Amino acid sequence: METQSSCFRLNQVGYAAGLPVHVAILTEAPVRLLDASGTILGTIRADLTFDEASGDRVALMELGILPEGTYRLETDEESRSFTVKDHPWREVTNALIKGLYFQRCGCALYKEHAGPYVHAACHTADSADWENPSVRRSVTGGWHDAGDYGKYVAPGAVTVTHLIYTWKLFPDGCSDELNIPESGNSLPDILNEARYELEWLLKVQREDGAFHHKLTKAHFAGFIMPEEDREQEYLMPVSHCATGSACACLALASRVWKAYDPAFASLMLEASQKAWVWMQGNPDFVPFKNPEGVRTGQYGDRTDRDERFWAACELYAATGEPRYRETAEALFAEGLNLTAFGWADVAGLGALCCLFDLKEQAGEILFTKLKEGFLRRTEFALALSRQSGYGTALRPEWYGWGSILPIMSGAMAMILNALLTGREDMRDAALNQLHYALGLNALGTCFVTGFGEKSVMHPHHRPSGADGIDAPVPGLISGGPNKVFPYPATREKLGSDTPPAKYYLDETPSADTNEIAIYWNSPAIFVAACFNAMTLHQN
Ligand code: 9MR
Ligand code: ZN
């Protein structure tokens, strides 16, 4: 079906029986809502308003809570169906987690787990030190970052952290049946998947405690399968942000694995503490810049104060030593963005630790005061979603590279508010961000591969482009519209009049609008698992 000519935008994966159903309507004509038997349940007259991000005249309508079934929205010109189920988001949540399995590097993917998306073991050769190339060592494993085959420390640490907090907060929301190689062991599969990256993180630490910023070639590979990418990979120079993020993530993981594998937990805590010592000895922030001749992802950052804050929170939680709490308190006093959960701004991950793990133990400043500040900031996400015709928590001018990240981060913030306060307005606005990812957006596109009637088909993802299979690797989320920083080729096609929320090309070369990335999957996992768990508890 040609969704662009449709006057409905829906969650194409489906809605939950116990939660309010939202749809976007782009017509002022009367819209009938019918059930499966054709009975008209009501007639809607949408009061359209102009939505700046999309340029559409649109109304986000709440249809209330509907029992399980198939429904139809109908005008005289068009009829569009949607489903309401008891557990509509189980498969998509699992697929998003399994999407990370498909990113595994250093091992073969076998038919048994990967279906048709198999490949031989990739990137198994020893890596060279960029600054001293005669020094070589084995640094295999981890996840390919995105559509490219690089492995980057801070993005990896943030992704693992999203997985761990998903498991901590919504254990029922992620199934233990992902069909990955470790399935069936005593550990939940979401933690099994996280461990694959943690083992790699431990290999990227330098003797003195610092972490290399990344492990990549000097430039991106062509659109070839990973096992065909055989040029030399390098451990690039160390960085403050990589070291701070790895420090925090490993401290967190050490707390989790204490119960499952104490030896692994101790290794991680030692590595984390070593990283902290390096951070203390290197107080002056140096932003990472690609060395001359290196063209892979830079992942630059403006400050490491948020990484230091996050690491201090997690090390306090892991050890109980007051010096970590004092450092976190001092950094908190300087002001931090407490609802930032992405690879660059990580203070929100420290807030997660304080508010949901340490709780009162964090003390007056890091619990009571931080909670006030946190809740205040979450209002911002709610306000943005209210201002948007589609309910999307993003300003028109912020549709940049990977716009899915701030949208999913807004959802995370509102979910956490709802957990702390029980507010349903926050919960419902957060749910609209999941709807955005699954098709309730200006493009009418489901951004998760393998799902929805109009889904991403040509993500900028090397295996999807090179494997000879029409359908892309499933369970990967596209970065989505980007008008802030588009490629010249994209600008040529879309011009300057295309509105930000439609600045998107479902075309393989468009890394600027259609790449996938592990740290876009992971906040979507958090959000999807939250609502998946909610449906399990309601029914
Ligand atoms: O996610 C990154 C985005 O915020 C930046 O604007 C963009 C351009 O620098 O890079 C993105 O990260 C890419 C990384 O540099 C290399 N691997 C693929 C990442 C996703 O596009
Ligand atoms: Zn690989």
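Since this is a predicted model, take the numbers as computed values, not measurements. Whatever order the structure lists them in is the order used to number ligands and atoms, beginning at 1. Only heavy atoms go into these numbers, but all of them, side chains included; no hydrogens, no water, no symmetry mates.
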**Item:** Nearest neighbour in protein (non-hydrogen) for atom 18 (C) of ligand 1
**Value:** Glu515 OE2, 3.1 Å
**Request:** State the atoms of ligand 1, each with its element, that fall below the 4.0 Å cut-off from a heavy-atom position in Phe485.
**Result:** 8 (C)
**Request:** Work out the angle at the Zn ion (ligand 2) between NE2 of His144 and SG of Cys122, rounded to 10°.
**Result:** 110°
**Message:** Show the atoms of ligand 1 that are less than 4.0 angstrom away from any heavy atom in Asp148.
**Reply:** 16 (C), 17 (N), 18 (C)
**Message:** Please classify the Trp520 to ligand 1 contact at 4.0 Å (heavy-atom distances, strictly less than): side chain, backbone, both or neither.
**Reply:** side chain
**Request:** Taking the Zn ion (ligand 2) as the reference point, name the nearest N/O/S atom of His123.
**Result:** ND1
**Request:** Answer yes or no on whether Arg195 is positioned over the face of Phe264, meaning its NZ or CZ is under 6.0 Å from the six-membered ring centre and within 45° of the axis.
**Result:** yes
**Message:** Counting non-hydrogen protein atoms only, what is the nearest one to atom 15 (O) of ligand 1? Give residue, atom name and distance.
**Reply:** Gly297 CA, 3.1 Å
**Request:** Establish, yes or no, whether a centroid distance under 6.0 Å links the rings of Phe170 and Phe526.
**Result:** yes
**Request:** Quick one: do Arg104 and Glu197 satisfy salt bridge (Lys or Arg N to Asp or Glu O under 4.0 Å)? Show the steps, please.
**Result:** CA-CA 8 Å; Arg104 286 191 188 188; Glu197 180 77 1; over 6 Å; no
**Prompt:** Do Tyr504 and Phe447 make the cut of ring centroids closer than 6.0 angstrom?
**Reply:** yes
**Prompt:** Is the gap between the ring centers of Trp278 and His240 under 6.0 Å?
**Reply:** yes
**Request:** Verify the ring-centre separation between Tyr149 and Phe220: is it less than 6.0 angstrom?
**Result:** no
**Request:** Provide the number and element of each atom of ligand 1 under 4.0 Å from a heavy atom of Asp145.
**Result:** 16 (C), 17 (N), 18 (C), 19 (C)
**Request:** Give the single entry among Tyr152, Tyr519, Tyr149, Phe220 that approaches atom 2 (C) of ligand 1 most closely by any heavy atom.
**Result:** Tyr519
**Request:** Report the member of Tyr299, Trp401, Trp343 with the shortest heavy-atom distance to atom 7 (C) of ligand 1.
**Result:** Trp401
**Request:** Output, in order, the C-alpha distance, side-chain angles, deciding distance and verdict of salt bridge (Lys or Arg N to Asp or Glu O under 4.0 Å) for Asp229 and Lys217.
**Result:** CA-CA 10 Å; Asp229 180 29; Lys217 303 197 306 177; 2.6 Å; yes
